[in-house]
Amino acid sequence: GAVTSRRMAGAGARLEAPAICVGNLTVGGAGKTPTVIALAQMLQAMGKTPFVVSRGYGGSSAGPLRVDPARHDAALVGDEPLEISRRAPVVVARDRLAGARMAISAGADVVLLDDGLQNPSIRKDLVFAVIDGETWFGNGYCLPAGPLRAPIDQQAPHVHAAIVIGGEMRQEEARAFSGKPIFRAQIEPDEKAVASLVGRRVLAFAGIGRPEKFFDMLRARGIDVVAVEGFADHQPFSDEVLARLNDHAMKGGLALATTGKDLARIGDARARAAFGDRLTTVPINLTFTDRQAVQALASKALQT
């Protein structure tokens, strides 16, 4: 935590386009990816051309590389960048500054940093901290004793606004952002996918920050989830694991359901070969309670 706090104090390089960062105060599971997608779509609706710049966690490419979902796979670029690239242009790069510059040269007029709150290489015009409203800061300790990447009082000064997804407001934790906007948001499953699963017995599986969030979301929509399998975040799916999941589903007469992020790691062709038409991918969408307020803050940052 002390090392991360010192790193965050770096000034960073000024880009030729505004930089908006979507970061986590904790490790994984807060809902950063759907937030990035929602903000990219908001910027697009405002007439802007945002490029997402990601480290490409889980992928082998050091970049900078523009993600092409028709040619690249999660093993090369990472599962989250591959998922995001179906909604907005994405550049993966271990060197975020090099990635941002590639994005700008390719036509970006806004750089949307996927994660990077703790990375000091780029000067950020707007920083959103994404918070899971069910867990907030966990036990309040830094790694490895807890989920925080650095103490809250060291991270909060670098944040311009918080986005709390689901759960409930906790006044004690919210005081860390005193005087700064705290926006509420919800993650909802795609209605068409939900409709296709209603009335069926389902085996749900996911390898995300908190797989239970996905399972609970399905149950909340009336889906009969009779079996679940949770995997580690970003965990690759071996052929043996896919065969085991399919065998479980076939023996129990179950439909299979997973997330878009997990499908990105499996691959469309492998999923069809392993599961046939038994697998339903459930895309998720993030909606802001006060979209206009979020847009107004983003618009102000774009004018800097």
Side-chain angles (χ1 to χ4, degrees), residues 22-24 26-41 50-94 96 99 103 112-117 119 130 132 165 187 189-190 193 204-215 217-218 228-242 244-245 256-275 279-286:
V22 182
N24 283 345
T26 59
V27 178
K32 178 172 55 60
T33 299
T35 303
V36 168
I37 292 171
L39 288 172
Q41 292 176 325
F51 273 56
V52 176
V53 174
S54 170
R55 184 178 179 276
Y57 186 86
S60 61
S61 175
L65 173 68
R66 181 168 175 177
V67 178
D68 182 349
R71 295 191 303 115
H72 298 149
D73 60 16
L76 179 67
V77 300
D79 52 3
E80 292 169 350
L82 193 62
E83 182 183 6
I84 296 169
S85 70
R86 302 181 189 278
R87 316 282 189 97
V90 179
V91 172
V92 294
R94 298 286 191 270
R96 292 181 189 274
L112 192 55
L113 298 171
D114 176 16
D115 209 356
L117 169 58
N119 187 299
V130 181
D132 184 335
I165 301 175
I187 291 177
D190 178 77
F205 67 94
I208 55 178
R210 284 209 302 123
E212 297 81 8
K213 290 175 66 175
F214 177 63
F215 307 148
M217 181 179 66
L218 295 180
V228 300
E229 289 225 27
F231 299 90
D233 197 11
H234 304 289
Q235 178 180 328
F237 288 97
S238 67
D239 291 340
E240 290 76 15
V241 167
L242 298 182
R244 177 171 57 78
L245 289 168
L256 290 141
T258 195
T259 72
K261 178 176 170 177
D262 289 290
L263 181 64
R265 291 202 305 286
I266 298 170
D268 292 339
R270 285 183 74 215
R272 285 192 297 271
F275 305 124
L279 177 66
T280 296
T281 304
V282 184
I284 57 176
N285 301 298
L286 181 137

### Summary
Smallest heavy-atom separation, D79 atom then H234 atom, equals OD1-ND1, 3.0 Å
### Task
Of all the heavy-atom pairs spanning G99 and V91, show the shortest one and how long it is.
O-CG1, 3.7 Å
### Task
Report the relative orientation of the aromatic rings in F205 and F275; use parallel for angles under 30°, tilted for 30 to 60°, perpendicular for over 60°.
tilted
#### Entry: Sub-4.5 Å side-chain heavy-atom contact between R86 and P283
no
### Query
CG of D73 to CZ of R270: how many Å apart, nearest 0.5 Å?
10.0 Å
#### Entry: Distance-minimising heavy-atom pair for L82 and S85
O-OG, 2.7 Å
### Query
Among all residues two or more places apart in sequence or in another chain, which pass the salt bridge (charged side-chain N to carboxylate O under 4.0 Å, His left out) test with R94?
none
### Query
Hey, what do you get for CG (D114) to CD1 (I84), rounding to the nearest 0.5 Å?
4.5 Å
### Task
Under the side chain to side chain contact (heavy atoms under 4.5 Å, CB included) rule, what do D262 and F214 come out as? Steps first, then yes or no, please.
CA-CA 11 Å; D262 289 290; F214 177 63; over 6 Å; no
### Task
Run the numbers on T259 and I284 for side chain to side chain contact (heavy atoms under 4.5 Å, CB included), then give the verdict.
CA-CA 8 Å; T259 72; I284 57 176; over 6 Å; no
#### Entry: Heavy-atom closest pair, residues L242 and A274
CB-CB, 4.0 Å
Contacts under 3.5 angstrom, residues 50-63 side chains, donor-acceptor by atom type, not counting sequence neighbours:
residue: S54; atom: OG; partner: G56; partner atom: N; Å: 3.0
residue: S60; atom: OG; partner: A75; partner atom: O; Å: 3.4
residue: S61; atom: OG; partner: G63; partner atom: N; Å: 3.2

### Message
For the CG atom of N285 and the CZ atom of R87, what is their distance to the nearest 0.5 Å?
### Response
5.5 Å
#### Entry: Separation between CG of N119 and CG of L113, rounded to the nearest 0.5 Å
8.5 Å
### Message
Looking at every non-hydrogen atom in both residues, tell me the closest pair between K32 and E80 and how far apart they are.
### Response
NZ-OE1, 3.9 Å
### Task
Could you walk me through whether K213 and D132 pass side chain to side chain contact (heavy atoms under 4.5 Å, CB included), step by step?
CA-CA 10 Å; K213 290 175 66 175; D132 184 335; 3.5 Å; yes
#### Entry: Closest non-hydrogen atom pair, L218 against A257
CD1-CB, 4.3 Å
### Query
Any side-chain heavy atom of L65 sitting closer than 4.5 Å to one from L76?
yes
#### Entry: Non-hydrogen side-chain atoms of V22 and V130 separated by less than 4.5 Å
yes
### Message
Are L286 and I37 packed together at the side-chain level, in the sense that at least one heavy-atom pair is separated by less than 4.5 angstrom?
### Response
no
### Message
Side chains of D115 and R96, heavy atoms from C-beta outward: is any pair under 4.5 Å?
### Response
yes
### Query
Given side chains that start at C-beta, do those of L263 and E83 come closer than 4.5 Å, heavy atoms only?
no
